Trainee: 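Quick one: the structure is below, questions incoming.
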Amino acid sequence: MQWNGIVANSLTYPFLLKACHCLKMVEMIHTQMEKNGFFSDIFVPNALIDNYSKFGALGVKAALRLFMVMGDRDVVSWNSMVGGLLRVGELREARKLFDEMPERNIVSWNSILNGYVKEGKLEEAFELFENMPQRNIVSWSTMVMGYSKACDMDMARALFDKMPIKTLVPWTIIISGYAEKGFAKEAIALCDQMLQDGFELNDGAIISILAACAESGSLAVGVKVHDSIERHKVRCSIAVCNALVNMYAKCGSLDRAWSVFNGMSKRDVVSWNVMLHSFAVHGHGKEALHVFKRMKKEGFNPDRVTFVGVLCACSHAGLIDEGIQCFYTMEKDYGVVPGIEHYGCMIDLLGRGGRLKEAFMLVHSMPFEPNAIIWGTLLGACRLHGATELAEKVRDHHKLDHSDPGNYSVLASIFAAAGDWDGVSTVRLRMKSIGVQKPSGASSIEIDNEVHEFTVFDRSHPNFDSIYQMVHRLAQDLKRVVHPKDATLLVEAMF
DNA sequence: TTAGGGTTAG
């Protein structure tokens with residue numbers, strides 16, 4: 001392999017491999033390496049295993065083939081192979097290989113530990129963690145992460161507090177964990193403590209915490225992080241600004257999102273996509289389309305995500321014809337081939353607009369197998385327009401995801417809205433008989449840095465009585481100001 | 001070779 005007269009050697013190959021962006025390139029370099037006999041250095045095949053594994057199941061298969069024929073293997077070869085299997089979710093195969101390893105180092109243990117944690121198998125992970133011959137900061141962080149993702153913040157915190165040494169990463173994990181679950185007070189207190197201990201937020205930490213805030217709507221934590229950035233007069237990277245815009249928009253503060261966006265000296269396509277989508281989901285279709293125009297004017301090429309935003313904007317603003325026009329010209333004008341996500345937007349657009357037959361036809365004519373999201377979108381549109389017959393057609397379709405309880409409850413609500421109580425009980429019985437349970441939907445609101453969550457039949461809130469008195473009063477007021485039929489629907493939706 | 005990271009259709 002030669003480039004500008006410079007011949008690659010065993011030292012340059014790992015770098016070349018790292019730069020590969022597809023399986024074919026790795027294969028090409030592999031062939032060259034074999035021709036040139038560079039396999040005498042063990043780090044060459046090790047780098048190959050590692051880089052093959054980046055490319056999905058096929059890549060891992062290729063890595064495994066190479067691993068099997070390798071004469072010499074060191075602990076890194078084994079670790080890379082175990083890591084590759086874990087990357088494609090082959091936990092059992094990875095464990096088998098781990099058990100066969102002639103020697104293991106801390107990386108081997110941490111990799112397999114992470115494998116269990118990623119699969120949510122925390123009991124097995126904890127057992128492994130307790131029996132490890134040695135633990136380091138990565139092992140501890142992995143466990144904190146595992147419990148945090150499993151919403152067991154007490155266990156996550158107990159382990160975090162026990163950690164012999166802490167770095168910025170575990171601090172970020174625990175703060176993000178609290179923020180993601182809406183425990184703003186804990187997240188803020190830990191943020192303060194971390195800064196007091198002399199840790200400074202870096203890009204990674206900021207983005208993680210802001211993403212968690214966006215997830216739960218923890219505006220207070222997001223503002224805290226933003227303040228801390230401004231106090232330290234750190235110049236925000238584009239990624240951090242994008243995360244800020246996203247956080248503010250997801251927390252309902254569109255004006256602050258807009259102000260951060262406008263204050264950015266440099267933007268990338270993600271910045272535009274975030275802003276566009278934020279306007280779209282808040283129902284500001286016209287503003288979203290204006291952002292789209294501006295991004296083109298400033299020389300940015302719209303990508304597939306951009307068009308999800310544009311179509312979503314048209315859908316939420318009732319701009320049906322604009323949406324259709326955009327959908328049918330996006331490939332010709334911008335070279336973006338409509339993917340299933342764009343068809344999803346179109347079905348939503350047509351469905352919300354009451355053009356259910358067209359939506360249905362599109363589902364049948366699109367070049368993709370409809371997935372649960374597509375059917376769900378169609379069902380939602382049927383509910384909106386009380387189209388029971390069409391909804392039944394959707395339900396009978398074999399591709400409807402019967403393991404997704406959400407689809408059943410949408411179907412039940414369609415029947416309920418149409419006054420078909422037999423239909424409702426049939427669906428409910430079916431759910432019971434096949435054992436699907438609908439996870440209860442929750443609403444949350446942040447007051448004084450605390451997120452309060454409410455679910456159906458949940459009476460655990462300390463101010464339950466006064467809250468529901470207020471809800472009843474609102475229901476009465478609604479009945480006075482809107483059409484009785486709409487009021488009944490709204491009040492039903494409230495309970 | 002191991003732990004955290006921005007946008008994506010209901």
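The sequence lines fix the lettering, A, B, ..., with proteins before strands; numbering per chain opens at 1. Note that the structure is a prediction, hence the values are computed from the model and not measured.
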Trainee: Choosing from B/dA9, B/dT1, B/dA3, which nucleotide comes nearest the side chain of A/Asn114?
Mentor: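 Closest of the options to the side chain of A/Asn114: B/dA3.
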Trainee: Please classify the nucleic acid contact of A/Asn202 as base, sugar-phosphate, or nothing, using heavy-atom distances under 4.0 Å.
Mentor: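 Counting heavy atoms under 4.0 Å across all strands, the contact made by A/Asn202 includes a base.
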Trainee: Just to be sure I understand the rule, does A/Ser176 reach a base, reach only the sugar-phosphate, or reach nothing, if contact means heavy atoms closer than 4.0 Å?
Mentor: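 Nothing: the residue A/Ser176, judged by heavy atoms under 4.0 Å, touches no strand.
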Trainee: Applying a 4.0 Å non-hydrogen cut-off, can you work out what A/Ile173 is touching in the nucleic acid: base, sugar-phosphate, or nothing?
Mentor: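 Contact class for A/Ile173: sugar-phosphate only.
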Trainee: Is the centre of the A/Phe292 ring less than 6.0 Å from the centre of the A/Phe307 ring?
Mentor: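 For A/Phe292 and A/Phe307, the ring centres are under 6.0 Å apart.
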Trainee: Roughly, in whole Å, what's the span from CH2 in A/Trp171 to P in B/dG5?
Mentor: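 A/Trp171 atom CH2 is separated from B/dG5 atom P by 19 Å.
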Trainee: Please give, in whole Å, the distance from B/dT8 C1' to A/Ile374 CD1?
Mentor: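 From A/Ile374 CD1 to B/dT8 C1': 13 Å.
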Trainee: Once you apply a heavy-atom cut-off of 4.0 Å, does A/Ile49 come out as touching a base, just sugar-phosphate, or nothing?
Mentor: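 A/Ile49: no heavy atom of the nucleic acid under 4.0 Å.
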Trainee: Check A/Gly89 against A/Glu119 and note the closest heavy-atom contact, atom names and distance.
Mentor: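 Smallest interatomic distance, heavy atoms only, reads O-OE2, 4.1 Å.
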Trainee: Of the candidate nucleotides B/dG4, B/dG10, B/dG5, which contains the atom at the shortest distance from the side chain of A/Ile373?
Mentor: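 For the A/Ile373 side chain, the nearest candidate turns out to be B/dG10.
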Trainee: So if I take every side-chain heavy atom of A/Ala211 and compare against B/dG10, B/dA3, B/dG5, which nucleotide ends up nearest?
Mentor: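 Of the options given, the side chain of A/Ala211 lies nearest B/dG5.
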Trainee: Reckon A/Asn246 has a side-chain N or O less than 4.0 Å from the OP1 or OP2 of B/dT7?
Mentor: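 Answer is yes, contact under 4.0 Å.
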Trainee: Under the salt bridge (Lys or Arg N to Asp or Glu O under 4.0 Å) test, which residues partner A/Asp321, sequence neighbours left out?
Mentor: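 Checked A/Asp321 against salt bridge (Lys or Arg N to Asp or Glu O under 4.0 Å); matches are A/Arg355.
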Trainee: Take a 6.0 Å sphere around CD of A/Glu100 and say whether it holds more than 12 heavy atoms from other residues, nucleotides or ligands.
Mentor: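 Counting other residues, nucleotides and ligands, CD of A/Glu100 exceeds 12 neighbours.
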Trainee: Applying ring pair (Phe, Tyr, Trp, His ring centres under 6.0 Å), name anything that partners A/Tyr343, two or more places apart in sequence or on another chain.
Mentor: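 Ring pair (Phe, Tyr, Trp, His ring centres under 6.0 Å) check on A/Tyr343 returns A/Phe327, A/Phe368.
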Trainee: What's the closest nucleotide to the side chain of A/Asp348 if the choices are B/dA3, B/dG10, B/dT1?
Mentor: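 It is B/dG10.
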Trainee: Ignoring the backbone of A/Asn136, work out which of B/dT2, B/dG4, B/dA9 is nearest its side chain.
Mentor: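 The closest nucleotide is B/dT2.
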Trainee: Counting only side-chain nitrogens and oxygens, does A/Arg352 get under 4.0 Å of the OP1 or OP2 atom of B/dG10?
Mentor: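 Yes, such a contact exists.
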Trainee: Examine B/dG4: is either OP1 or OP2 under 4.0 Å from a nitrogen or oxygen in the side chain of A/Lys166? Give yes or no.
Mentor: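 So the side-chain polar atoms of A/Lys166 never come under 4.0 Å of the phosphate oxygens OP1 or OP2 of B/dG4.
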Trainee: Quickly work out the A/Leu276 CG to B/dA9 P distance and round it to whole Å.
Mentor: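 Atom CG in A/Leu276 sits about 13 Å away from atom P in B/dA9.
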Trainee: So A/Ile112, base contact, sugar-phosphate only, or nothing? Heavy-atom distance under 4.0 Å.
Mentor: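 No contact.
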Trainee: Give the minimum heavy-atom separation between A/His385 and A/Arg352, together with the two atoms involved.
Mentor: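 Result for this residue pair: NE2-O, 3.1 Å.
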Trainee: By the 4.0 Å heavy-atom rule, please label A/Val274 as base, sugar-phosphate, or nothing.
Mentor: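 It contacts sugar-phosphate atoms only.
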Trainee: How would you label the contact of A/Ser271 with the nucleic acid (heavy atoms, under 4.0 Å): base, sugar-phosphate, or nothing?
Mentor: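 It contacts nothing in the nucleic acid.
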Trainee: Phosphate oxygens OP1/OP2 of B/dT8: is one of them under 4.0 Å from a side-chain N or O of A/His277?
Mentor: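 So the side chain of A/His277 is within the cut-off, an N or O lying under 4.0 Å from OP1 or OP2 of B/dT8.
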Trainee: Return the value, rounded to whole Å, for the distance between atom CG of A/Leu97 and atom P of B/dT1.
Mentor: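 Between P of B/dT1 and CG of A/Leu97: 18 Å.
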Trainee: Please list, by residue number, the residues of residues 75-89 of chain A whose heavy atoms come closer than 4.0 Å to an atom of DNA chain B; answer none if no residue qualifies.
Mentor: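 Heavy-atom contacts with DNA chain B come from A/Val76, A/Asn79.
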Trainee: Measuring to OP1 and OP2 of B/dT8, would you say a side-chain N or O of A/Lys250 lies under 4.0 angstrom away?
Mentor: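 A/Lys250 to B/dT8 OP1/OP2: side-chain N or O found under 4.0 Å.
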Trainee: Once you round it to whole Å, what is the distance between C1' of B/dT7 and NE2 of A/His282?
Mentor: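 Whole-Å distance recorded here is 15 Å.
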Trainee: What pairs meet the ring-ring contact (aromatic ring centres under 6.0 Å, His included) rule with one or both residues in residues 65-90 of chain A, with sequence neighbours excluded?
Mentor: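 Found A/Phe67-A/Trp78.
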Trainee: Could you work out, with side chain to side chain contact (heavy atoms under 4.5 Å, CB included) as the rule, every residue matching A/Thr172, not counting sequence neighbours?
Mentor: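 Residues passing side chain to side chain contact (heavy atoms under 4.5 Å, CB included) with A/Thr172: A/Leu168, A/Ser176, A/Ala205, A/Ser208, A/Ile209.
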Trainee: Could you check whether A/Asp303 gets within reach of a base, just the sugar-phosphate, or nothing at all, counting any heavy atom under 4.0 Å?
Mentor: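 Nothing, no nucleic acid heavy atom in range.
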Trainee: Taking atom P of B/dG10 as reference, at what distance in whole Å does atom CD1 of A/Ile340 sit?
Mentor: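 In whole Å, B/dG10 P lies 13 Å from A/Ile340 CD1.
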Trainee: Using only heavy-atom distances, decide whether a donor-acceptor pair under 3.5 angstrom links the side-chain of A/Ser141 to the base of B/dA3.
Mentor: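 In this structure, the two groups form a donor-acceptor pair.
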Trainee: Between B/dT8, B/dG10, B/dG4, which nucleotide gets closest to the side-chain atoms of A/Glu341?
Mentor: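 Of B/dT8, B/dG10, B/dG4, B/dT8 is nearest to the side chain of A/Glu341.
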Trainee: Can you check the A/Tyr248 OH to B/dT7 P distance for me, whole Å?
Mentor: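 One finds 16 Å between P of B/dT7 and OH of A/Tyr248, rounded.
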Trainee: Of all residues at least two apart in sequence or in a different chain, which pass the ring pair (Phe, Tyr, Trp, His ring centres under 6.0 Å) check with A/Tyr116?
Mentor: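 Listed in chain order: nothing, the list is empty.
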Trainee: Which listed nucleotide (B/dT7, B/dA3, B/dG5) is nearest to the side chain of A/Ser208?
Mentor: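 Selected nucleotide (nearest to the side chain): B/dG5.
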Trainee: Could you tell me the separation between the CZ atom of A/Phe368 and the C1' atom of B/dA9, rounded to a whole number of Å?
Mentor: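 It is 12 Å, rounded to the nearest whole Å.
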